[in-house]
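Here the structure is a predicted model, which is why all the values come from computation and not from measurement. Worth knowing before you read on, the calculation uses all heavy atoms, side chains too, and leaves out hydrogens, waters and symmetry mates.
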Amino acid sequence: MSTSADPLATLAALPGVTESVNAVRTAVDRVYGHRVMRRRSNEVTSEAALRGARGSAALAGADWALEEVRRRTDFGAEGEPRTVGAALRLTAEAGQLLSIWRQSPLRVLARLHLVAAGGAEGDERIGRPRQSGEPVDEPLIGSDLPLPDADEVAGRLDGLARLLLAGSEAPALVTAAVVHGELLALRPFVSRNGLVARTAERIVLVGSGLDPKSICPAEVGYAELGAASYMAALEGYASGTPEGMAVWIAHCGRAVELGVRESTAVCEALQRGAA
């Protein structure tokens with residue numbers, strides 16, 4: 001990443017990023033202007049939360065149909081139900097952490113991991129960055145990307161927190177994409193890093209004011225674009241090259257646009273009285 005005074009603003013100036021930022025802003029403005037949002041925005045928010053959690057769980061290996069997520073209650077069971085339950089809990093928790101995020105992003109990340117790993121009482125690895133020698137369970141990424149050691153994780157997490165607390169003139173999409181990409185590349189926790197990273201991105205998008213009602217679930221878009229595209233874009237981020245970073249930011253932007261499309265469909269259904 002750039003060593004300039006505002007590295008996020010430097011990323012925002014990369015070729016193609018401005019176009020992604022503008023496309024996202026236009027799409028978000030359009031759905032916020034939908035007539036349904038004037039009276040039924042809470043319903044759209046609730047539906048976006050459910051669909052976003054489903055999308056995030058799908059990328060974590062639990063690709064359930066939306067209606068399956070809606071009707072099931074056995075989220076404490078091992079395997080896929082526990083993954084879906086983690087995604088749902090994180091979505092519910094995100095909105096409670098906005099003010100803390102502005103003061104201590106690392107504290108929020110620790111909380112998110114605790115929430116994601118619900119039911120793992122007594123495991124000292126939960127809610128803190130991994131230590132030297134601790135393995136990481138992240139099936140989607142596996143060995144496709146080099147795993148930074150614990151010292152690098154600690155240093156880069158500290159750098160990310162300082163970057164966020166310093167503030168930036170960069171658009172929300174760029175900041176959110178960097179938070180998401182950095183957490184995925186680092187995999188700072190022993191498990192559930194993808195779920196945590198996507199939730200952290202959601203917190204940035206909401207807290208920045210781009211999506212204050214949380215109705216633009218990027219997780220829906222990531223799932224629709226597919227795991228292969230997700231990983232290819234992440235490899236671009238991990239490369240640290242300007243071209244790779246631009247590819248990742250554009251991928252995140254496209255995911256937000258697809259999330260907007262999903263919520264627009266929800267608005268249309270509510271307008272017709274069909275949802």
So [Y] and [X], do their side chains get closer than 4.5 Å, heavy atoms only?
X	Y	answer
Pro188	Leu109	no
Ser239	Met245	no
Phe189	Ile126	no
Leu183	Asn193	no
Lys213	Val44	no
Val206	Trp101	no
Val69	Leu88	yes
Leu184	Tyr237	no

Taking salt bridge (Lys or Arg N to Asp or Glu O under 4.0 Å) as the test, write out the residues that go with [X], two or more places apart.
X	answer
Arg128	Glu134
Asp158	Arg162
Arg72	Glu68, Asp74
Asp29	Arg25

Is there a donor-acceptor pair under 3.5 Å between the side chain of [X] and the backbone N or O of [Y]?
X	Y	result
Arg130	Arg187	yes
Arg39	Met37	no
Ser104	Ile100	no
Glu138	Gly194	yes
Thr91	Ala87	yes

Under a single-linkage rule joining Ile, Leu, Val, Met, Phe, Trp and Tyr whose side-chain heavy atoms are separated by less than 4.5 Å, which residues share a cluster with Leu147?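 Result for Leu147 is Val136.
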
I'd like to check the side chain to side chain contact (heavy atoms under 4.5 Å, CB included) partners of [X]; sequence neighbours left out, ordered by chain and number.
X	value
Val247	Ala233
Ala172	Ser208, Leu210
Glu152	Pro148, Asp149, Arg156
Leu66	Glu47, Leu50, Arg51, Arg54, Arg70

Pairwise distance [atom1]([X]) to [atom2]([Y]) - rounded to 0.5 angstrom:
X	Y	atom1	atom2	value
Leu160	Leu106	CG	CG	7.5 Å
Cys267	Arg272	SG	CZ	11.0 Å
Ser20	Leu173	OG	CG	6.5 Å
Arg30	Glu257	CZ	CD	9.0 Å
Cys252	Arg198	SG	CZ	11.0 Å
Leu258	Leu225	CG	CG	5.0 Å

side-chain hydrogen bond (donor to acceptor under 3.5 Å, both in side chains) involving Thr83 - partner list, sequence neighbours excluded: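 Partners of Thr83 under the side-chain hydrogen bond (donor to acceptor under 3.5 Å, both in side chains) test: Arg192.
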
Output all residues satisfying side-chain hydrogen bond (donor to acceptor under 3.5 Å, both in side chains) with Glu224, sequence neighbours left out; order by chain, then residue number.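 Glu224: side-chain hydrogen bond (donor to acceptor under 3.5 Å, both in side chains) contacts with Arg261.
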
Expected list for residues 214-222: side-chain donor-acceptor pairs under 3.5 angstrom, two or more places apart:
| from | atom 1 | to | atom 2 | distance (Å) |
| --- | --- | --- | --- | --- |
| Tyr222 | OH | His180 | ND1 | 3.4 |
| Tyr222 | OH | Glu201 | OE1 | 3.2 |
| Tyr222 | OH | Glu201 | OE2 | 2.6 |

Would you say the side-chain atoms of Ser191 and Asp137 include a donor-acceptor pair closer than 3.5 Å?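 Ser191 vs Asp137: no donor-acceptor pair found between side chains.
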
